[in-house]
Amino acid sequence: MRAGRGRWLVVAGVLFGLAAWLMMSGQGQEEAPPRPRVEFPRHLRGPEVQRMERRRTYTAPVVATVAPTAPEPARPRDPVLAALPRGKGKSAVVIEANALRHSPLGEMVLECLMRRGSAQLEKFKQDTGVDPLQDLDRMVITDDGIILSGNFGDPRLKKLLTGESQANYDYGKGGRLFEPSGERTLADGTKRRREAPPIGMWNDQLLVLGDTTSDVKDVLDRVEGRGPEESPVLSEGQTYGEMYGVLSVAQLQQLLPPDQQELARRLAEVAENVELHVDASADFAMTARVQGMNTNKLTDLGKSVGGALSLARMQAQAEGDTKLAQLLDFAKVRPDGDSFHLEMAVPLEVIKNQLTFCREQQDKDVTPPPAR
């Protein structure tokens, strides 16, 4: 389970690499087109505020106390945010699967993926009654597991989870736990060890996959107000973009490649975490906010990163790589008190050009062979 989740967490680091890969794919001596305007994700916008308000759907029961005054009435909240880890040093990355799927970038990538995977998707829908392209709203990757939000009320899914479990039982007010059996029987009657995580379901809205049953219970406890009093690692005000989250420095160090260990060391010295936001509603635009307590060292680190970007831009210009130079124009560092913002972007037209191989391959696959 940890290995699989690690691959998902790498997505956050790969976003840096995606921008770099697209940048490095320029054709060199061509004249660069006019620079388009790219909007970076820096705050909640109107539609995201409305989305945030619609998601306040659950009011946790008020815990009885012996205090002389009556407790304040509980306010409705977003179950997904309530499920997030608490405390410093934690990581959580949220992928707005539904919004990303309907973005221009998501449509292009989905078209590419569906060229080969439509049959498997249809089988999954028939087996579980869940259509990931319609029923999945958000995916959350944390240190302790994966949380999926959406519509999971189909009886076929529950039947499948029950059949794959050695035990399943209600937990809390709206939760149910499915504990997998340690082995499964193959068609020839032989036994094979099963590598499956425990799964929790909450109100047909959340699926929780954890390393242990205790991990799953912790998530369900937080959703229903039985968790610690600390705030989740992400607040409502941070839920902007098609992907957003907080990566601990320890997690980021693991994601950086071996040749970037000097950067990893400097991050560990000055930074507390990195807040990440990706906007794919038009172009691919990313903002990473690096925060820390030592303002002077953090400022120096920001200047070093900014200087490296400037050097790369000048080198691209000197070598006549106009496309790379233009894309590096979108990469910059913005200081902001006890943090700095690293911004990177790739215009949609550049991504379209890089994905033409998929359409070309698709055309080849459907082209009938010549008549004999």
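Just so you know, these numbers use all the heavy atoms, side chains as well, and skip hydrogens, waters and symmetry mates.
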Please set out all donor-acceptor pairs under 3.5 angstrom arising from side-chain atoms of residues 303-311, sequence neighbours excluded.
{"unit_1": "Ser304", "atom_1": "OG", "unit_2": "Arg266", "atom_2": "NH1", "d": "3.2"}
{"unit_1": "Ser304", "atom_1": "OG", "unit_2": "Asp300", "atom_2": "O", "d": "3.1"}
{"unit_1": "Ser310", "atom_1": "OG", "unit_2": "Gly306", "atom_2": "O", "d": "3.1"}

For [X] and [Y], test the side chains for any donor-to-acceptor distance below 3.5 angstrom and give the result as yes or no.
| X | Y | answer |
| --- | --- | --- |
| Thr142 | Asp144 | no |
| Thr299 | Asn296 | no |
| Arg289 | Ser339 | yes |
| Arg138 | Asn98 | no |

Checking [X] side chain against [Y] main chain: does a donor-acceptor pair fall under 3.5 Å?
| X | Y | answer |
| --- | --- | --- |
| Glu164 | Pro180 | no |
| Asp283 | Ala285 | no |
| Asp143 | Ser91 | yes |
| Asn203 | Gln205 | no |
| Gln166 | Glu179 | no |
| Gln238 | Gly245 | no |

List the steps, then state whether side chain to side chain contact (heavy atoms under 4.5 Å, CB included) holds for Leu207 with Ile147. CA-CA 6 Å; Leu207 281 179; Ile147 305 168; over 6 Å; no

List the steps and the verdict of salt bridge (Lys or Arg N to Asp or Glu O under 4.0 Å) for Arg45 and Glu39. CA-CA 12 Å; Arg45 291 157 290 190; Glu39 182 178 352; 3.7 Å; yes

Drop me the distance from [X]'s [atom1] to [Y]'s [atom2], to the nearest 0.5 angstrom.
| X | Y | atom1 | atom2 | value |
| --- | --- | --- | --- | --- |
| Glu242 | His277 | CD | NE2 | 12.0 Å |
| Glu236 | Arg51 | CD | CZ | 11.5 Å |
| Leu267 | Glu272 | CG | CD | 12.5 Å |
| Phe340 | Lys332 | CZ | NZ | 15.0 Å |
| Tyr244 | Thr239 | OH | OG1 | 5.0 Å |
| Asp218 | Thr212 | CG | OG1 | 7.5 Å |

Check the pair Phe40 / His341 against side chain to side chain contact (heavy atoms under 4.5 Å, CB included), numbers first and verdict last. CA-CA 11 Å; Phe40 287 91; His341 298 254; over 6 Å; no

Name the residue from Glu96, Glu111, Glu107 that meets the salt bridge (Lys or Arg N to Asp or Glu O under 4.0 Å) definition with Arg101.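 Running salt bridge (Lys or Arg N to Asp or Glu O under 4.0 Å) over Glu96, Glu111, Glu107 with Arg101 returns exactly one hit, Glu107.
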
N-O pairing of [X] and [Y] below 4.0 Å:
| X | Y | answer |
| --- | --- | --- |
| Asp336 | Arg42 | no |
| Asp78 | Arg56 | no |
| Arg334 | Glu343 | yes |
| Asp154 | Lys158 | no |

Considering non-hydrogen atoms only, spot the tightest contact between Leu328 and Arg313 and give its length.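 Scanning both residues completely, I find the closest heavy atoms to be O-NH2, 2.9 Å.
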
Heavy-atom closest pair, residues Ala280 and Pro104: O-CD, 3.9 Å

Quick check on side-chain contact (heavy atoms from CB on, under 4.5 Å): which of Leu84, Val208, Ile146 does Val140 satisfy it with?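 Answer after filtering Leu84, Val208, Ile146: Leu84.
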
Considering only residues two or more places apart or on different chains, which pairs with a residue in residues 82-93 satisfy salt bridge (charged side-chain N to carboxylate O under 4.0 Å, His left out)? none

Show your working on salt bridge (Lys or Arg N to Asp or Glu O under 4.0 Å) between Asp221 and Lys217 and close with a plain yes or no. CA-CA 6 Å; Asp221 284 341; Lys217 288 181 176 180; over 6 Å; no

Please evaluate residues Leu161 and Ile199 with respect to the criterion side chain to side chain contact (heavy atoms under 4.5 Å, CB included), reporting the C-alpha separation (whole Å), side-chain torsions for both, the decisive distance (0.1 Å), and the verdict. CA-CA 8 Å; Leu161 291 176; Ile199 296 176; 3.7 Å; yes

Would a line drawn from the ring center of Phe152 to the ring center of Trp202 be shorter than 6.0 Å?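 No.
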
